[in-house]
Amino acid sequence: MKFELERGDITRFAQYITEQFELVKIIDKGASNTYIEYIFEVCEDLIDGKSICGAGGGGFLQVILKTGVSKETLRLRLDEVFGDCGVLLWDCTLI
């Protein structure tokens with residue numbers, strides 16, 4: 001992941017994040033659930049990478065947007081599908 005970031009390949013970095021998340025789900029069947037998977041499914045066409053951050057029992061879903069997709073587009077999608085169910089977009093920048 002570090003190598004891809006250093007050379008500026010954010011898309012490949014995002015793919016590695018997703019691969020890591022898929023491996024975590026194999027090791028720990030409780031790492032995800034139907035609700036989390038549905039959130040990812042809803043925005044699947046907008047993202048290149050996905051994972052979960054946090055210590056368990058809650059936390060944050062992390063996504064890397066596809067090139068050309070804005071945070072506002074993702075926010076609108078989440079609002080459209082989830083309304084006021086507590087699924088919110090928190091601004092984050094990869095530095």
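Please read all numbers here as calculations on a predicted model, not as lab measurements.
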Trainee: Indicate the atoms forming the closest heavy-atom contact of E4 with F13, along with that distance.
Mentor: CB-N, 4.0 Å

Trainee: For the residue pair S51 and I17, what are the closest heavy atoms and their distance?
Mentor: CB-CG2, 3.5 Å

Trainee: Got a second to check how far D45's CG is from R77's CZ, nearest 0.5 Å?
Mentor: 4.0 Å

Trainee: Identify every side-chain donor-acceptor pair in residues 60-69 under 3.5 Å, counting partners at least two apart or on other chains, and give the distances.
Mentor:
from: K66; atom 1: NZ; to: D48; atom 2: OD1; distance (Å): 3.3

Trainee: Going by the rule side chain to side chain donor-acceptor pair (under 3.5 Å), which residues pair with D79 if we only count those two or more places apart in sequence or in a different chain?
Mentor: R75

Trainee: Under a single-linkage definition using a 4.5 Å side-chain heavy-atom cutoff for Ile, Leu, Val, Met, Phe, Trp and Tyr, are L76 and I39 assigned to the same hydrophobic cluster?
Mentor: no

Trainee: Quick one, V42 and Y38 - any side-chain contact, counting heavy atoms below 4.5 Å?
Mentor: yes

Trainee: Can you list the residues that meet the ring-ring contact (aromatic ring centres under 6.0 Å, His included) rule with Y16, with sequence neighbours excluded?
Mentor: none

Trainee: Under 4.5 Å between side-chain heavy atoms, hopping through other hydrophobics if needed: is there a path connecting F21 to L23?
Mentor: no

Trainee: Can you list every pair that meets salt bridge (charged side-chain N to carboxylate O under 4.0 Å, His left out) and has a residue in residues 13-24, with sequence neighbours left out?
Mentor: R12-E19, E22-K25

Trainee: Quick check for you: to the nearest 0.5 Å, what is the distance between F3 atom CZ and D9 atom CG?
Mentor: 9.0 Å

Trainee: Please list, one pair per line, the donor and acceptor atoms closer than 3.5 Å that link side chains of residues 26-34 to other protein atoms, with sequence neighbours excluded.
Mentor:
from: D28; atom 1: OD1; to: G30; atom 2: N; distance (Å): 2.9
from: S32; atom 1: OG; to: E37; atom 2: OE2; distance (Å): 2.6
from: N33; atom 1: OD1; to: Y35; atom 2: N; distance (Å): 3.0
from: N33; atom 1: OD1; to: I36; atom 2: N; distance (Å): 2.8

Trainee: From K71 NZ over to L89 CG, what is the distance, rounded to the nearest 0.5 angstrom?
Mentor: 8.0 Å

Trainee: For the hydrophobic clusters of this structure (ILVMFWY residues joined by side-chain heavy atoms under 4.5 Å, transitively), does one cluster hold both V81 and L74?
Mentor: yes

Trainee: Output all residues satisfying side chain to side chain donor-acceptor pair (under 3.5 Å) with T73, sequence neighbours left out; order by chain, then residue number.
Mentor: S70

